[in-house]
Each structure stands twice: as structure tokens, then as C-alpha cells.
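Computation of the quantities below employed the complete heavy-atom set of this structure, encompassing side-chain atoms and omitting hydrogens, waters and symmetry-equivalent molecules. Order of the sequence lines fixes the chain letters, A, B, ..., with proteins taken first and strands second; residue numbering starts at 1 for each chain.
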Amino acid sequence: MPTLTLPDGSTKSLPEGATLLDAAASIGPRLAKDAIAGKLDGKLLDLSHKIEKDAKLEILTTKSPEATEILRHSASHLMAQAITRLFGKAKLWVGPPLNEGRYGFYYDMDLEHRITEDDLRKIEQEMEKIAKEDLKPVRVEMKTEEAIQKMVEADQPYKVELIRGFGVPSVSFYRQGEFLDLCEGPHVPRTGVFGGLKLMAVTGAYLHGDQKQKMLQRVYGCAFFTKKELDAHLKGIEDAEKNDHRRIGTDLDLFFTDPVAPGSPFFLPKGAFLYNALISFMREHYQRLGYQEVITPQVFSSELWKRSGHYDHYRDNMYFCRVGEEEFGMKPMNCPSHALMFRARLRSYRELPLRLADFGRLHRLEASGVLAGLTRVRSLSQDDSHIFCMPDQIEAEIQALLALAFEVYRVFGMELRLELSTRPPKSLGSDEIWAKAEGALRKVLDASGRPYQVKAGEGAFYGPKIDFHAKDALGREWQLATVQLDFNMAERFDLEYVGPDGHRARPVVIHRAILGSLERFLGVLIEHTGGKFPLWLAPEQVRVMTITDKEIPAGEKAAQALRDAGLRVGTDFRGDKINAKIRDASLQRIPCLAILGGREAETGAVSVRDRDRGDLGVLPLQDLAKDLRARIDTRT
RNA sequence: GCUGAUGUAGCUCAGCUGGUAGAGCACGUCCUUGGUAAGGACGAGGUCAUGGGUUCAAGUCCCAUCAUCAGCUCCA
């Protein structure tokens, strides 16, 4: 008779052969009703699983996030079943649940019928029908050989491949009604638990994620236990889409794009202001941290790109032109220029670390299908820098870089996810230097106290790296900051410095960007703030507006006084009602509105309405200026 | 680059089974001078993405191209 320990510490004994559902029922009928799956000693299992020995038990109800994941996994099966019913045999690949973002699951399949948007509605209806049938998914264990045989007969070649790939003696299937699918489980106890189902998109996805292989059809959907949760989710997506930087970029007159320059945003005055403000912000840090800014050419002879290795490895992403007999390439990166600068004369170890910063414009011929607003562009500039240092200096430099990144992102209030990518199978440089470099990165990361993920073997062939990712409005991740060690560049450009011992030695190069591409950073920042830029960054910080035409002279004076105090001031002296002016300014996310009526005009004061703090009442102009200046200076 | 979708005024969109374009907002002029999220009237504004084709007739149907969007691949 197995004894179960419940999460509250109490124990319960159940007869031999009892299932998780029986266990739930013995605790309470309500729990049995809401139960979706269970955990025995931390292992997720079906409710129909028979309990064989003593264990810790946890019953997952519809409220549990893990239950939602199980539901979504079951939803992908439900969808595959519906598609099979509607369109005949689909050769199935995989259909995992998704935790984050707008989609909850997908299924990849090879299906002769091309699924259309209209089909999605039909499939949904069929799924709901199957949900109503309230089928009970049944787990079926099978010996691998038998399973392969079965899948061969069922003409499911991808499943055969999956089973072979597992390399285990037996596998499990789930059968619901006429539909059988390879799956580890667990699944929901019955298809009736689906309350909210929605199919959202049909796209292509390469088999094995390999461009050379067949493109399968992928259908994305989302599933919840209740219609209410689904509706809330859909509403959430709708709201997030309001923060799409492309939408805000148009509404706030920040930038636009034109087919004459795909992937190359035009920054309008306000967008350009933001762009330059980000550069100024970084320059302040540079001044403090010993960086030296340089200016480098735009177009280089292909001779340089051959030397740097870009010609072999990156040519497809470069713009080339011909001048006379010679071929030139536009720079996609700054590193070769900086290498030439390092080499311009003999360097001493006393100069190291040499930190060259460059906001130069880069051009990368990104594939047409990857372009996206500001987040993936063909024309960009980065807060780029290359640090030339001795191996012993790596650790201190990395530490300073992490500190800088954390400091910068703290100001913007943005969350970062860190990744350490280590030595790939094919790499350059000695074991010793890789060990030293990876050790330094790890040490600094550990010391930072921040969580990070290790991506084993994902480093560049020339060195390990730390990447920093942030999310956009729809939960998609973008790489912003990056810190990459490079043992290759010094070699290729034959870089040397004279060491303390009088002998020449190779420096190590660190490629790093904190904001990363300014375009991408701005795009993510726009989505993060919804266009409500912090006061210090807002292109227009204060808007002075008048109630009637009579206050215009006082308004002009007030605006000038605020400008004299160093603020960026706009005015709205139109003959519209104050309501309309406030509405317009609010839609433009102006941080501070200074309103003048007859009363204020006489006393040299303004009525202040703050974007984030609401109505601040009537303030003398000087007090307002002081308050704003203080907030700007502290970037709060 | 690949799969799918979309492309009508500056923006958001309507335009039924083919009969040569419409709204709201924005913009301009005028009226209104109104105290914290839209006052009113009038006006201007379109090579219906581009190029072919079918048709007596194409925004509408077909093909190609370009761009954009959602994914996939890529991001030395």
C-alpha cells in the first residue's frame, strides 16, 4: 500500500493500483474535478498513472502554469487530429507547447493540402467538436521495434525518425479516439477541458531547422482552460501591439521607411534627437571610462575584407561597388578599421587597454525576409568599441563592461537575459587562452550575481562571448549588448605591442557594444516605454499651451524662460480648446504640460499637468524649471 | 533567401457576384476664445504598390516584380 506525501506535509495511503486521479479524489472531490495531471516525486504524470510506491504527490489543477503547458501540448494533438480529420493524412513532425509570447503551441507537419487562413477557422471548429466528444487520451507503451513498425505502416516517416533518434528500448503513444500520436506526455485527462482555443497563424518551418530540407507547414495556436483566459490573452496581444515601435514611430513622427531603401529607416527630427541623445549618453560614460572615440572610413578596398576574413565569411551580407578596376566594400563592422588604427604605429603595453569607440554607420545586406522595423535593419550604427588588451587584463575589462551594461540598462529600466557562449567545435586559438578567457568570463559573471545561461559550443570561432537579450512588446527576444573576445583579429592583422620585457606580444581584442545597434535599441526602448520616453530623453519635454489667445504673449515668455533653463520646449497656441490641446499633447506622450490661462498669465505661473504624476497644480515658472532640471539631471 | 498573408488619401480603414473611388482622423481656410483627453463649417488631397495580361470595361480576375507583416533559416 503506497504512502503519498502531500505538499502540506500530510500523508495518505492508497490501495494498490490506485491512480493519481484516485489520489486526488481521496483528498477531495473538488480537487479531482479540477485535476489535470500530477507530479510524483517531481515527475509530471497523467492522472491515469498507477501509483506503485511511496512518493511525494502534487496534484496540478487548471490553475497551475504547468497544467496550462500540458493543456497546450494536448492542444497540439487535438489540432493534429482535427487537421487529419479535415484534410486527410498529415505526416507529423513535432508539436510542442510554448511558454512565452503570444502563441501557446504549434505543430509542424507535412500536408499536401495548403492550409489557408480560412482553414484555421474550420480546424478550430473541428477541434471544438473533438473537445465536445470529450475523448480520453490513453497512454500506450510500445517496444521501440514495434513502434517503428507501427509508424512505418501508418506512413509517418518523421515519427520513425524521431523514435530512432531517441535510442531507448520503448516509447509511448497517446490515443484519443481514432487518433494516435507518439508522445511522452502527460496529457489532459479528457478533451473536454479545453475552454478557449484559437489558431493564430500558419507559416513555414524547415524540417530540422535546416534550410536545405523540406519546408513543413506550421500552425500556431493558443489554448486555455477557459474562454475568459483566452480573451484576456488576446486582449493582451492587442494591447502589446499598440506598443509596436513601428506604430509609435509613425504616430510620434520618429521615423519611417521607404521602399527606395529597404531596411534603412529615415529618422525624422524627433527620432534623430533620440538617436543622438543615446549617443551622447554613451559618450558621457566613455569620458569616465577611458574610451577614445575615433572616426573611420565607410568604404574599403576588398583587400581589407580579404585580410579581415569578412570576404570569406560575410561577403553575402556586404554591399560592394566597383571603382575602375578595383572592388570596394562598405563596412559591415568597425573592427578592421580599429585594427589598422592599432597598427598605425608601434604600441607599448603602457597604452593598454586601448579602447577605441566608434559610432560609424554600418551597412549589412540582411536577407529580405529578416528585415523588421528598427529591430533588424540594413543600415545602422552601434555604440561599438574594440578594446585591445593583454590577456591578464581581460578579466578587469569584462568586469567593467558588465558593470557598464548593468548601469546603462538600469537607467532605462530594462531587463536583460544573459548568455555565455563557449568554445565551438571549430575554433581558433590555443586551449590555454580559451580556458583563460572562458574562465575570466565565468568568474566575472558569477561575481555579478546575475543569472546567466551557458550556451556550450555557441561561441564564435574566434572567441567566447557574453550576449545580453531584451524582449520587445510581443515577448520576442533581441540581442542588444554583446561582449566578445577575439583571438583571431590580432593574428590576421599581425597586431603587436611591446611588453614590459621588451618583447613583442599579441594583444587580445574585445568587441563590445552596450546598446548594440542604436536602431534596434531604440526600437526595443520604444516598445518598452510605449513611446513614453523618460523626461531626460524626451524630444519635447514641456509643452506650453494657452487657454485663449490673450495668453499668447505670456505663453511665449514662459516658453522662452523654460528654454533658457535648458529645457526642450514646444508650444501650442492654436485657437483650439484646452481639451483638444491636452489630448494632442497626451497622445504625443509629452512628459509635462504647462498651461496658461488668465490667472497664470498675470502671476508668471503655469498650471502643470505631468504625464506620469498627474495634475501638479499651479506652480511658479522657476519652480517648474527647477523641478524638471532636477529630474533630468538625475535621469529619474 | 524560404512559407503564408497583405498593399486603396499622411494615418486607420470601407469599396457586395468587374461598370473609371468613399469615411473618420490628420492637413488648410474661416467661425468659435472655450480651464485639464476631440467645438463647428467649408476645402484641398488618390498612377487604388509597380509592370504585364484577360475583358467592351479592372481597385475588383490572372501572372510577375517590389515592399510590408507573421514565422522559418541566417545574424562573420
Nucleotide nearest [X] when distance is taken to its side chain, options [options]:
X      : options             : result
A/V370 : B/U73, B/G71, B/A37 : B/U73
A/Y314 : B/A70, B/A76, B/G71 : B/A76
A/P262 : B/A67, B/C27, B/A37 : B/A67
A/I578 : B/A76, B/G35, B/A70 : B/G35
A/S586 : B/A70, B/A37, B/U73 : B/A37
A/P259 : B/A76, B/A67, B/A37 : B/A67
A/R102 : B/C72, B/G39, B/A70 : B/A70
A/Y220 : B/A76, B/C72, B/G34 : B/C72
A/M215 : B/G39, B/A76, B/C72 : B/C72
A/I547 : B/U73, B/G35, B/G39 : B/G35

What distance, rounded to whole Å, do you find between the two [atom1] atoms, one in [N] and one in [M]?
N     : M     : atom1 : result
B/U6  : B/C75 : C1'   : 26 Å
B/A58 : B/C16 : C1'   : 16 Å
B/A64 : B/U29 : P     : 48 Å
B/G45 : B/G39 : C1'   : 24 Å
B/A76 : B/G4  : C1'   : 30 Å
B/G24 : B/G15 : C1'   : 15 Å
B/C62 : B/G18 : C1'   : 13 Å
B/C48 : B/A21 : P     : 10 Å

Nearest-angstrom distance from the residue atom [atom1] of [X] to [atom2] of [N]:
X      : N     : atom1 : atom2 : answer
A/L365 : B/C74 : CG    : P     : 18 Å
A/M489 : B/A76 : CE    : P     : 16 Å
A/K550 : B/U32 : NZ    : P     : 12 Å
A/K306 : B/A76 : NZ    : P     : 23 Å
A/R218 : B/C72 : CZ    : P     : 6 Å
A/D119 : B/U3  : CG    : P     : 18 Å
A/L98  : B/C72 : CG    : P     : 10 Å
A/Q479 : B/A76 : CD    : P     : 8 Å

Problem - salt bridge (Lys or Arg N to Asp or Glu O under 4.0 Å) partner of A/E241, chosen from A/R102, A/K235, A/R246, A/R247 - result: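 Single pass found, and it is A/R102.
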Problem - B/A37 base / A/R609 side chain donor-acceptor hit below 3.5 Å - result: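 Counting by modelled atom types and ignoring angles, a donor-acceptor contact under 3.5 Å is found here.
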Handout entry: Under 3.5 Å donor-acceptor pair, A/E600 side-chain atoms to B/G35 base atoms
Key = yes
Problem - Contact check, side chains of A/I595 and A/I547, non-hydrogen atoms, under 4.5 Å - result: yes
Students often get this wrong, so: under 4.0 angstrom with heavy atoms, is [X] touching a base, only sugar-phosphate, or nothing?
X      : result
A/D584 : nothing
A/R378 : nothing
A/L216 : nothing
A/Y103 : sugar-phosphate
A/A367 : base
A/G101 : nothing
A/G463 : nothing
A/G209 : sugar-phosphate
A/K581 : nothing
A/M333 : base

Fill in the blank from the handout: Pairing string of RNA chain B (Watson-Crick or G-U wobble, both atom distances under 3.5 Å; | = paired to other strand) is (((((((..((((.....[..)))).(((((.......))))).....(((((..]....))))))))))))....
Handout entry: Exercise: do A/H113 and A/D119 side chains pair donor with acceptor under 3.5 Å
Key = yes
Exercise for the section: Check whether the side chains of A/Q382 and A/H511 place a donor and an acceptor atom closer than 3.5 Å, and report yes or no. Expected result: no
Practice task
Hey, which sits more toward the 5' end of RNA chain B by its nearest nucleotide, A/T203 or A/D258?
Solution key: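 That would be A/D258.
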Practice task
For A/D549 and for A/N579, locate the closest nucleotide of RNA chain B by heavy-atom distance; then report the residue assigned to the nucleotide nearer the 5' terminus.
Solution key: A/D549
Practice task
Any chance you could measure A/Y107, atom OH, to A/H73, atom NE2, to the nearest 0.5 Å?
Solution key: 7.5 Å
What about the rings of [X] and [Y], do their centers lie closer together than 6.0 Å?
X      : Y      : value
A/Y275 : A/F521 : no
A/H528 : A/F533 : no
A/F342 : A/F388 : yes

Would you tell me if any nitrogen or oxygen in the side chain of [X] comes within less than 4.0 Å of OP1 or OP2 on [N]?
X      : N     : answer
A/R114 : B/G4  : yes
A/R247 : B/U12 : yes
A/R364 : B/C74 : no
A/R376 : B/C75 : no
A/R476 : B/G71 : yes

Problem - Heavy atoms from other residues, nucleotides or ligands near NZ of A/K214 exceed 12 (cutoff 6.0 Å) - result: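 Open: at most 12 neighbouring heavy atoms sit under 6.0 Å from NZ of A/K214.
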Exercise for the section: Quick one: sort the A/H310 and A/Y314 rings into parallel, tilted or perpendicular, breaks at 30° and 60°. Expected result: perpendicular
Practice task
Look at the aromatic rings of A/F255 and A/F267 and report parallel, tilted or perpendicular, splitting at 30° and 60°.
Solution key: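 Ring orientation, 0 to 90° scale: tilted.
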Handout entry: Test ring-ring contact (aromatic ring centres under 6.0 Å, His included) applied to A/Y311 and A/F328, A/W305, A/F320, the passing residue
Key = A/F320
